Amino acid sequence: AYNRLMHLRSRWVHALHLLVVQWQNQALSVRQELSAVSHAPQSDAQWAQLHADAVQWQPLAVATRQLQLCIGRLLDNQHTPPKPGELAAIGVAKAVMDHAWQHLAGSRDDLAGPAIPVKIVQLWHQQDVLVQDRQRDCNQHASAYNQAIAQFPAWLVAKIFAFQVAQTV
């Protein structure tokens, strides 16, 4: 029973690590594209537009940075289950990033063109599909592990060796 629990827990931790790496890729790729969007302006009008863009994109840039910081703390200890607060911090940072994206995506296009460059929209959706796949896999492994530690005789082993319930994301 102990080996089975260790195997299931390691599969959950591995799936969680893959999800966190995918979140990091999403945040990093968005930050890189945001940097590419803010090229050096040539005229006063472009400077004004750059300032307006910076104000508009600022919440997303801050949110992606915060998510990267939370992820960095979790990746430092990737072979053990995360502490309850670590996943909660990542969940909050991810929710803030998603909210900033939704706010930005809800902004209207104007005569200068789309509010969000098409390349960034496509990149976001591609990354989001990958995140959803990894999140589903992680939650499936967490459920299998949680079911295993709830069954007899494994729950005795789980109590003796202080196995904790896996957190879903």
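All figures in this text were calculated on a predicted structure; none of them were measured in a lab.
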(message) I need the minimum non-hydrogen distance between Ala15 and Cys138, along with the two atoms involved.
(response) CB-CA, 3.7 Å
(request) State, with a plain yes or no, whether a side-chain heavy atom of Leu130 is found less than 4.5 Å away from one of Gln126. (result) no
(request) Find out whether Gln135 and Lys94 are in side-chain contact, i.e. whether some heavy atom of one side chain is under 4.5 Å from a heavy atom of the other. (result) no
(request) Kindly give the heavy-atom pair with the smallest separation between Ala154 and Ala1, and that separation in Å. (result) CA-CB, 4.2 Å
(request) Report yes if some heavy atom in the side chain of Tyr145 is under 4.5 Å from a heavy atom in the side chain of His141; otherwise report no. (result) no
(request) Could you tell me whether a side-chain N or O of Asn146 sits under 3.5 Å from a main-chain N or O of Val165, the two making a donor and an acceptor? (result) no
(request) Answer yes if Trp12 and Leu19 sit in the same cluster of Ile, Leu, Val, Met, Phe, Trp and Tyr residues linked by side chain heavy atoms under 4.5 Å apart, and no otherwise. (result) yes
(request) Establish whether Met6 and Ile160 are linked, either directly or via other cluster members, by ILVMFWY side-chain heavy-atom contacts under 4.5 Å. (result) yes
(message) Run Trp101 and Met97 through side chain to side chain contact (heavy atoms under 4.5 Å, CB included) and show every step you take.
(response) CA-CA 6 Å; Trp101 173 259; Met97 186 176 86; 5.8 Å; no
(request) Look up atom CD in Gln140 and atom CZ in Arg11, then write down how far apart they are to the nearest 0.5 Å. (result) 10.0 Å
(request) Check the hydrophobic clustering (I, L, V, M, F, W, Y; side-chain heavy atoms under 4.5 Å; chains of links allowed) and say if Leu18 and Val13 are grouped together. (result) no
(request) Would you mind reporting whether Leu5 and Ile149 have side-chain heavy atoms less than 4.5 Å apart? (result) yes
(message) Please report the interatomic distance CG(Leu16) to CZ(Arg9), rounded to the nearest 0.5 Å.
(response) 13.0 Å
(request) Mind telling me whether Tyr2 and Phe163 have parallel, tilted or perpendicular rings, with 30° and 60° as the class edges? (result) perpendicular
(message) Is the shortest side-chain heavy-atom distance between Gln26 and Trp124 below 4.5 Å?
(response) yes
